[in-house]
Peer 1: 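Encoded as structure tokens, here's the structure I'll be asking about.
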Amino acid sequence: MQENAEQTLDGLNEILRLRREKLFEMQKNGKNPFEIMKYDVTHHSGDIINNYEELEGKTVSVAGRLMSKRVMGKASFCHIQDIQGNIQAYVARDCIGEESYACFKKLDIGDIVGVKGEVFKTKTGEVSIHASEVLLLSKSLQVLPEKFHGLKDTDMRYRQRYVDLIVNQEVKETFIKRSKIISEIRRYLDNMGFIEVETPVLVPNAGGAAARPFDTHYNALDEDVHLRISLELYLKRLIVGGLERVYEIGRVFRNEGLSVRHNPEFTLLELYQAYTDYHGMMDLCENLFRDVALKVLGTTKITYEGVEMDLSKPFERLTMVDAVRKYAGVDFSEIKTEEEAKKLADQYHIEYEDRHKKGDILNLFFEKFVEEKLDQPTFIMDHPVEISPLAKRKPNDPDYTERFELFITKREMANAFSELNDPIDQRARFEAQEELKRQGDEEANTIDEDFLNALEHGMPPTGGIGIGIDRLVMLLTGAAAIRDVLLFPTMKPLD
RNA sequence: GCACCAUUAGCUCAGAUGGUAGAGCAACUGACUCUUAAUCAGUGGGCCCCGGGUUCGAGUCCCUGAUGGUGCACCA
């Protein structure tokens with residue numbers, strides 16, 4: 001077996017060949033690093049550095065990746081990297097023995113090692129471990145990127161995230177922060193009496209949002225199925241079922257383009273709360289953003305791409321009609337018909353399609369003139385009914401709905417409604433969506449009969465909200481691209 | 001899907017006007033018992049993204065294609 005392995009050396013470049021040869025040499029001498037089963041780790045790097053007073057002179061053992069090595073004859077320094085960061089070790093021949101020191105000198109950057117020794121400070125004041133033992137725990141056969149410039153090539157950073165995580169510390173911090181954000185959200189909602197649920201990913205009817213789904217086939221039932229595009233319709237069924245407060249943090253899939261803020265699979269939080277409305281959702285959303293920022297960052301003041309904001313200040317609340325009036329100078333409250341709206345769109349050189357109605361035109365004005373202005377946290381409220389097939393109408397203005405979207409740094413961060421619970425109106429809205437689909441709108445919803453059946457059993461008045469977790473993480477970590485907050489973003493295969 | 005830009009050593013990058021492919025780090029050999037982008041001396045390392053074309057000659061110019069980045073479109 002080893003002979004086979006050695007034959008594979010032929011095509012390799014010099015550096016890779018040498019590392020494999022080192023490994024085979026060790027294996028021949030009965031020191032196969034891959035036979036090491038465990039190592040007794042007593043401390044992590046950061047704990048030692050932060051608790052130096054207490055640990056000085058004590059013996060500790062750490063384990064991690066060898067990130068640097070400076071050999072000065074019979075004594076050396078190296079850095080070991082673990083989950084918390086780096087710690088220096090001082091390795092002297094006279095302390096670990098001649099044979100061990102010879103092994104140490106053969107270690108490569110990237111090897112996994114265990115170091116045991118006393119905690120001390122060097123002349124220059126760096127907290128270090130005075131090694132009494134250095135063990136190779138696993139061999140690295142690949143070469144890490146250069147220590148000073150690191151790995152910059154975005155293609156390789158995303159495809160080989162493990163390397164990115166090893167050499168770019170801020171990447172590791174981003175993903176640790178992402179994890180904290182999600183656990184703080186869970187803690188916040190759990191404390192409010194929400195229960196976390198899981199609903200189907202493979203669905204016969206991909207509804208609850210305007211998006212093209214991924215299609216696949218379930219062989220055992222010989223049925224075409226889709227990957228979900230939202231969580232909405234199943235969570236509302238649970239409100240009908242009496243669970244009162246539910247949420248799900250889950251992956252959804254939309255068969256659409258990639259961009260700096262779009263990935264075909266992304267993480268959505270949706271929650272539904274019985275006996276409240278979209279005002280309740282606005283308060284909840286605002287408080288949630290604030291609380292998470294405070295817990296994870298220790299402050300509500302953040303800067304994203306040069307935009308400073310303080311999440312502790314009340315978020316601006318503006319209806320879509322008011323926003324268009326404010327930023328485009330166009331007053332849709334005076335527009336009564338589709339014809340008037342389209343004439344206005346012509347004047348402002350806004351392109352629309354035949355099937356667009358008054359509310360669609362208002363939304364086009366919003367997208368063209370308002371979105372780009374919404375840097376500070378702003379709730380845009382009361383969307384037209386045409387673009388809100390799952391939201392309750394405003395009782396005194398049935399062309400509009402009790403809906404809001406939260407915008408921060410020009411990006412939609414959340415979308416919420418007073419949930420439509422009238423099954424007859426809901427059926428009519430679905431039918432309008434199906435008509436749009438017939439007219440060529442590939443993102444329109446289709447009728448979900450079982451969901452309608454659920455509504456017919458009676459759904460309490462309910463507020464619901466969806467929050468894009470990836471974009472929230474981008475905001476709180478300062479990440480410029482969604483790919484920087486996804487461990488393994490979607491990439492085109494190389495072959 | 002469209003436009004523009006990029007792709008050169010393991011990594012980060014140079015390579016005017018077409019004329020034998022370069023640096024730093026990493027690696028290898030040697031020296032060195034408090035270094036830290038260690039230092040000093042020496043050595044090796046390349047399908048210049050793939051494929052065509054122009055040319056006496058292409059990393060460089062032209063055309064296909066691949067992958068990535070940015071913007072647009074779609075969308076959250």
Side-chain angles (χ1 to χ4, degrees), chain A residues 11-19 21-22 67-79 86-96 101 105-106 108-110 120-128 130-131 140-160 163-164 166-168 208-212 229-230 252-270 351 363 367 371 387 405-408 410-415 441-443 466-472 474 480-483 489 491-495:
Chain A
L12 296 173
N13 78 26
E14 180 198 13
I15 302 177
L16 297 182
R17 202 184 63 241
L18 282 164
R19 289 211 178 184
E21 281 169 0
K22 268 187 203 175
M67 296 304 286
S68 68
K69 198 173 84 168
R70 295 176 291 282
V71 178
M72 301 162 302
K74 300 175 189 64
S76 303
F77 287 93
C78 62
H79 276 97
N86 284 278
I87 189 159
Q88 182 172 256
Y90 176 67
V91 183
R93 187 195 67 180
D94 296 345
C95 296
I96 67 168
Y101 193 69
K105 285 209 281 189
K106 282 189 184 155
D108 291 304
I109 307 291
F120 79 113
K121 260 188 194 171
T122 60
K123 276 203 301 209
T124 52
E126 180 168 348
V127 176
S128 306
H130 194 130
S140 167
L141 297 177
Q142 285 287 348
V143 190
L144 287 177
E146 187 221 337
K147 61 188 167 188
F148 189 56
H149 295 93
L151 181 65
K152 290 186 173 167
D153 184 87
T154 48
D155 190 21
M156 221 176 324
R157 286 186 46 228
Y158 297 144
R159 287 184 198 278
Q160 301 185 33
V163 177
D164 193 27
I166 292 166
V167 300
N168 292 323
R212 291 175 63 182
I229 59 171
S230 88
V252 298
F253 307 85
R254 298 188 182 177
N255 206 336
E256 286 155 359
L258 289 160
S259 86
V260 77
R261 55 193 168 277
H262 296 91
N263 197 68
E265 51 179 305
F266 63 101
T267 301
L268 193 57
L269 159 68
E270 285 197 31
E351 285 178 32
N363 190 45
E367 287 174 358
E371 269 189 21
I387 59 166
E405 291 176 299
L406 171 62
F407 284 85
I408 305 180
K410 309 175 177 72
R411 288 176 191 165
E412 184 190 336
M413 309 292 292
N415 182 21
D441 183 351
E442 288 181 316
E443 283 139 19
I467 295 175
I469 295 297
D470 311 289
R471 290 186 179 178
L472 174 59
M474 287 170 73
I482 194 168
R483 292 179 153 195
M491 302 293 281
K492 203 160 178 178
L494 286 176
D495 283 315

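Worth knowing before you read on, the calculation uses all heavy atoms, side chains too, and leaves out hydrogens, waters and symmetry mates. Quick note on labels: first sequence line is chain A, next is B, and so on, each numbered from 1.
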Peer 1: Would you write out the dot-bracket form of RNA chain B, 5' to 3', with Watson-Crick and G-U pairs under 3.5 Å, [ ] for crossing pairs, | for pairs to other strands and . for unpaired bases?
Peer 2: (((((((..((((.....[..)))).(((((.......))))).....(.(((..]....))).))))))))....
Peer 1: Indicate, with a heavy-atom threshold strictly under 4.0 Å, whether A/Gln88 touches base, sugar-phosphate, or nothing.
Peer 2: base
Peer 1: Could you tell me which residues satisfy salt bridge (charged side-chain N to carboxylate O under 4.0 Å, His left out) with A/Asp153, sequence neighbours excluded, listed by chain and number?
Peer 2: none
Peer 1: Under 4.0 Å between a side-chain N or O of A/Arg70 and OP1 or OP2 of B/C34?
Peer 2: no
Peer 1: NA contact type, A/Asn263, heavy-atom cut-off 4.0 Å: base, sugar-phosphate, or nothing?
Peer 2: base
Peer 1: Looking at every strand, decide which applies to A/Gly257 at a 4.0 Å heavy-atom threshold: base, sugar-phosphate, or nothing.
Peer 2: base
Peer 1: Please enumerate all residues that pass side-chain contact (heavy atoms from CB on, under 4.5 Å) together with A/Ala481, with sequence neighbours excluded.
Peer 2: A/Val260, A/Asp484
Peer 1: Rounded to the nearest angstrom, tell me the gap between atom NE2 in A/His130 and atom P in B/U35.
Peer 2: 14 Å
Peer 1: When the distance from NZ of A/Lys152 to C1' of B/G68 is rounded to whole Å, what number comes out?
Peer 2: 17 Å
Peer 1: State which of B/A27, B/C34, B/A76 makes the closest approach to the side chain of A/Phe266.
Peer 2: B/A76
Peer 1: Using only heavy-atom distances, determine whether the side chains of A/Gln160 and A/Asp164 contain a donor-acceptor pair under 3.5 Å.
Peer 2: no
Peer 1: Looking at A/Gly150 and A/Asn168, what are the two nearest heavy atoms and their distance?
Peer 2: CA-OD1, 4.4 Å
Peer 1: Looking at the side chain of A/Val260, which of B/G24, B/G71, B/C32 is the nearest nucleotide?
Peer 2: B/G71
Peer 1: Is a donor-acceptor pair below 3.5 Å formed from side chain A/Glu126 to base B/U35, judging by atom type as modelled?
Peer 2: no
Peer 1: Could you tell me which non-hydrogen atom of A/Leu268 sits nearest to which non-hydrogen atom of A/Ser230, and how far apart they are?
Peer 2: CD2-CA, 4.3 Å
Peer 1: Is B/A27 syn or anti, taking syn as a glycosidic angle within 90° of 0?
Peer 2: anti
Peer 1: Got a donor-acceptor contact below 3.5 angstrom from the A/Arg212 side chain to the A/Glu256 backbone?
Peer 2: no
Peer 1: Using a 4.0 Å heavy-atom cut-off, does A/Ala414 contact any base of the nucleic acid, only the sugar-phosphate backbone, or nothing at all?
Peer 2: nothing
Peer 1: Name the nucleic acid region contacted by A/Arg483, choosing base, sugar-phosphate or nothing; use a 4.0 angstrom heavy-atom cut-off, strictly under.
Peer 2: sugar-phosphate
Peer 1: Using the test ring-ring contact (aromatic ring centres under 6.0 Å, His included), find all partners of A/Phe253 that sit at least two apart in sequence or belong to another chain.
Peer 2: none
Peer 1: Indicate, with a heavy-atom threshold strictly under 4.0 Å, whether A/Met156 touches base, sugar-phosphate, or nothing.
Peer 2: sugar-phosphate
Peer 1: Would you mind reading off the distance between A/Leu141 atom CG and B/G10 atom C1', rounded to a whole angstrom?
Peer 2: 14 Å
Peer 1: Looking for any heavy atom pair under 4.0 Å, which part of the strands does A/Tyr158 touch: base, sugar-phosphate only, or nothing?
Peer 2: sugar-phosphate
Peer 1: Rounded to the nearest Å, what distance is computed from the CG atom of residue A/Asn255 to the C1' atom of nucleotide B/A76?
Peer 2: 15 Å
Peer 1: Given atom CZ of A/Phe253 and atom C1' of B/A76, what is their separation to the nearest angstrom?
Peer 2: 15 Å
Peer 1: Can you find a donor-acceptor pair, distance only, under 3.5 Å between A/Glu146 side chain and B/G10 base?
Peer 2: no
Peer 1: Could you tell me whether the side chain of A/Asp470 and the main chain of A/Thr267 form a donor-acceptor pair under 3.5 Å?
Peer 2: yes
Peer 1: What is the nucleic acid contact for A/Lys123, judged by heavy atoms within less than 4.0 Å: base, sugar-phosphate only, or nothing?
Peer 2: base
Peer 1: A/Val163 and A/Pro145: which non-hydrogen atoms are nearest, and at how many Å?
Peer 2: CG1-CD, 3.6 Å
Peer 1: Take the protein atom CZ of A/Phe77 and the nucleotide atom P of B/A37, then report the distance between them rounded to whole Å.
Peer 2: 13 Å
Peer 1: Using a cut-off of 4.0 Å on non-hydrogen atoms, how would the nucleic acid contact of A/Asp153 be classed: base, sugar-phosphate, or nothing?
Peer 2: sugar-phosphate
Peer 1: Report the nucleotide, chosen from B/A76, B/C11, B/C34, that has the shortest atom-to-atom distance to any side-chain atom of A/Thr122.
Peer 2: B/C34
Peer 1: Please report the distance, rounded to the nearest Å, between CE in A/Met67 and C1' in B/C25.
Peer 2: 14 Å
Peer 1: Measure the spacing between CD1 of A/Ile166 and CG of A/Leu151 and express it to the nearest 0.5 Å.
Peer 2: 10.0 Å
Peer 1: Select base, sugar-phosphate, or nothing to describe what A/Thr154 touches, counting heavy atoms under 4.0 Å on all strands.
Peer 2: sugar-phosphate
Peer 1: Counting any heavy atom closer than 4.0 Å, what does A/Tyr101 reach on the DNA or RNA strands: base, sugar-phosphate only, or nothing?
Peer 2: nothing
Peer 1: Work out how far the P atom of B/G19 is from that of B/C61, and round it to whole angstrom.
Peer 2: 11 Å
Peer 1: Without decimals, in angstroms, what is the distance between A/Arg254 CZ and B/A76 P?
Peer 2: 6 Å
Peer 1: Would you kindly compare A/Phe148 and A/Gly73 by the position of their nearest RNA chain B nucleotide and give the one closer to the 5′ end?
Peer 2: A/Gly73
Peer 1: Angle class for the A/His130/A/Tyr90 ring planes (parallel below 30°, perpendicular above 60°, tilted otherwise)?
Peer 2: perpendicular
Peer 1: Contact class for A/Ile109 vs. all strands (heavy atom < 4.0 Å): base, sugar-phosphate, or nothing?
Peer 2: sugar-phosphate
Peer 1: I want to confirm an ordering. Mapping A/Ser76 and A/Asp470 to their closest nucleotides on RNA chain B, which one lands closer to the 5' end?
Peer 2: A/Ser76
Peer 1: Using a 4.0 Å heavy-atom cut-off across all strands, classify A/Lys69 as base, sugar-phosphate, or nothing.
Peer 2: nothing
Peer 1: How does protein reach along nucleotides 39-49 of chain B, written 5' to 3' as B (base within reach of a heavy atom under 4.0 Å), S (only sugar-phosphate), or - (no contact)?
Peer 2: -----BS----
Peer 1: Looking only at atom types and distance, does a side-chain atom of A/Arg254 sit under 3.5 Å from a main-chain N or O of A/Ile229, one as donor and one as acceptor?
Peer 2: yes
Peer 1: Rounding to an integer number of angstrom, what distance separates B/G22 and B/U64 when you compare their P atoms?
Peer 2: 32 Å
Peer 1: Where do A/Arg159 and A/Lys492 come nearest, in terms of heavy atoms and distance?
Peer 2: NH1-O, 2.8 Å
Peer 1: Please work out if A/Gly466 contacts a base, only the sugar-phosphate, or nothing of the nucleic acid, heavy-atom cut-off 4.0 Å.
Peer 2: nothing
Peer 1: Would you tabulate the pairs of protein nitrogen or oxygen atoms and nucleotide nitrogen or oxygen atoms of nucleotides 65-67 of chain B closer than 3.5 angstrom?
Peer 2:
unit_1 : atom_1 : unit_2   : atom_2 : d
B/U67  : OP1    : A/Lys492 : NZ     : 3.2
B/U67  : OP2    : A/Lys492 : NZ     : 3.3
B/U67  : O3'    : A/Arg159 : NH2    : 2.8
B/U67  : O2'    : A/Asp155 : OD2    : 3.1
B/U67  : O2'    : A/Arg159 : NH2    : 3.4

